[in-house]
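Below you'll find the structure, written out as structure tokens, and then a few comments.
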Amino acid sequence: MSDLSQSMVFDVLNNKSNIDTSALSGQKFEPAQRRDDAQEPYHFHVYSHKHNTHITCTKPNREPIISMSCGNIGYRKSRRGTFDSAYSLTKYVLERLIHTGWPMKIQRLELVLRGFGQGREAAVKVLMSPEGKVLREKIVRVADSTRIKFGGTRSEKPRRL
């Protein structure tokens, strides 16, 4: 036992200045404040596929601020899947956000792209153009959440002629 008391391990465990026992003593624990970098950003989702483009802007807690698709601004049938309709949709969504004063509240923004339609490029072009200047400086991350087929159902047998 005397060897244990002389060891360095015992000294470290016995030294109260190195170990924080405030949680064990019943004192109130105050979590560290989150830095500005650690705060969750707002999200600008662009879901583009062959037939349409959907744009949703959400708060950090994932509540939607605005959600629209090309059909909401007057494009019908096959015109919803075009580059022009997606460009117009993105411009319209940005105008609505500016009109309601959201860019002042948004400090950090994450751009989330999904799908491989023409609207994907159109949305990026709008954000890079003068119309997107208000939100462009606030973008901290560009993410791609395109679903990847993994496994799935058995494919059709090849046609034999």
Side-chain angles (χ1 to χ4, degrees), residues 17-156:
S17 64
N18 289 345
I19 298 174
D20 181 23
T21 59
S22 61
L24 300 174
S25 64
Q27 296 175 357
K28 289 196 174 199
F29 175 71
E30 295 181 20
Q33 295 292 327
R34 292 177 70 173
R35 289 192 351 234
D36 195 33
D37 296 341
Q39 288 179 348
E40 184 75 16
Y42 284 74
H43 300 274
F44 193 81
H45 294 271
V46 179
Y47 173 40
S48 175
H49 53 91
K50 189 164 91 172
H51 303 294
N52 206 344
T53 300
H54 303 269
I55 292 181
T56 305
C57 189
T58 62
K59 297 177 186 176
N61 62 357
R62 305 291 202 259
E63 287 180 17
I65 297 169
I66 185 170
S67 180
M68 299 192 79
S69 68
C70 292
N72 294 117
I73 58 172
Y75 289 96
R76 292 287 167 231
K77 305 281 182 170
S78 63
R79 292 186 56 202
R80 289 183 298 209
T82 63
F83 182 91
D84 297 329
S85 63
Y87 194 92
S88 301
L89 173 69
T90 310
K91 273 179 59 172
Y92 183 77
V93 168
L94 288 178
E95 287 170 5
R96 289 274 305 266
L97 285 172
I98 292 167
H99 181 70
T100 53
W102 277 103
M104 298 303 202
K105 300 172 190 171
I106 296 173
Q107 298 302 317
R108 297 163 43 90
L109 184 70
E110 178 179 355
L111 177 63
V112 182
L113 302 170
R114 186 171 147 205
F116 294 113
Q118 293 180 346
R120 180 187 182 107
E121 284 299 316
V124 172
K125 290 262 191 205
V126 171
L127 288 170
M128 297 304 290
S129 69
E131 292 99 351
K133 185 180 180 195
V134 178
L135 293 179
R136 188 180 328 132
E137 294 127 10
K138 299 178 181 191
I139 294 175
V140 293
R141 185 184 313 139
V142 178
D144 188 359
S145 67
T146 303
R147 308 272 166 84
I148 298 172
K149 185 176 178 184
F150 188 81
T153 60
R154 181 176 171 176
S155 58
E156 242 180 71

[atom1]/[X] to [atom2]/[Y] distance, rounded to the nearest 0.5 angstrom?
X	Y	atom1	atom2	result
His45	Thr58	NE2	OG1	4.0 Å
Ser85	Tyr92	OG	OH	15.0 Å
Asn52	Thr82	CG	OG1	9.5 Å
Cys70	Leu89	SG	CG	4.5 Å
Tyr47	Ser69	OH	OG	11.5 Å

Of all the heavy-atom pairs spanning [X] and [Y], show the shortest one and how long it is.
X	Y	value
Ser67	Thr56	OG-OG1, 3.1 Å
Gly119	Thr53	CA-OG1, 3.5 Å
Val140	Pro41	CG2-CB, 4.4 Å

With a 4.5 Å heavy-atom cut-off, do [X] and [Y] have their side chains touching?
X	Y	result
Gln107	Gln39	no
Ile65	Tyr42	yes
Leu94	Val134	no
Leu113	Val124	yes

### Task
Name all residues meeting the side chain to side chain contact (heavy atoms under 4.5 Å, CB included) criterion together with Arg136; count only those two or more places apart in sequence or in a different chain, and write none if there are none.
Met128, Lys133
### Message
Taking side chain to side chain contact (heavy atoms under 4.5 Å, CB included) as the definition, give me every residue that meets it alongside Ile139, ordered by chain and number, with sequence neighbours left out.
### Response
Leu109, Leu127, Val142
## Note on the structure
In short, side chain to side chain donor-acceptor pair (under 3.5 Å) pairs touching residues 114-127 with sequence neighbours left out are Arg120-Asp144
Partners meeting salt bridge (Lys or Arg N to Asp or Glu O under 4.0 Å) with [X] (sequence neighbours left out):
X	answer
Arg62	Glu40
Glu63	Lys59
Arg79	none

### Query
Between the side chains of Ser88 and Tyr75, is a donor N or O closer than 3.5 angstrom to an acceptor N or O?
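A donor-acceptor contact under 3.5 Å links the two side chains.
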### Message
Run His49 and His54 through ring pair (Phe, Tyr, Trp, His ring centres under 6.0 Å) and show every step you take.
### Response
CA-CA 9 Å; His49 53 91; His54 303 269; 5.8 Å; yes
### Query
Sub-3.5 Å donor-acceptor pair from the side chain of Lys138 to the main-chain atoms of Ile106, do we have one?
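A pair under 3.5 Å: yes.
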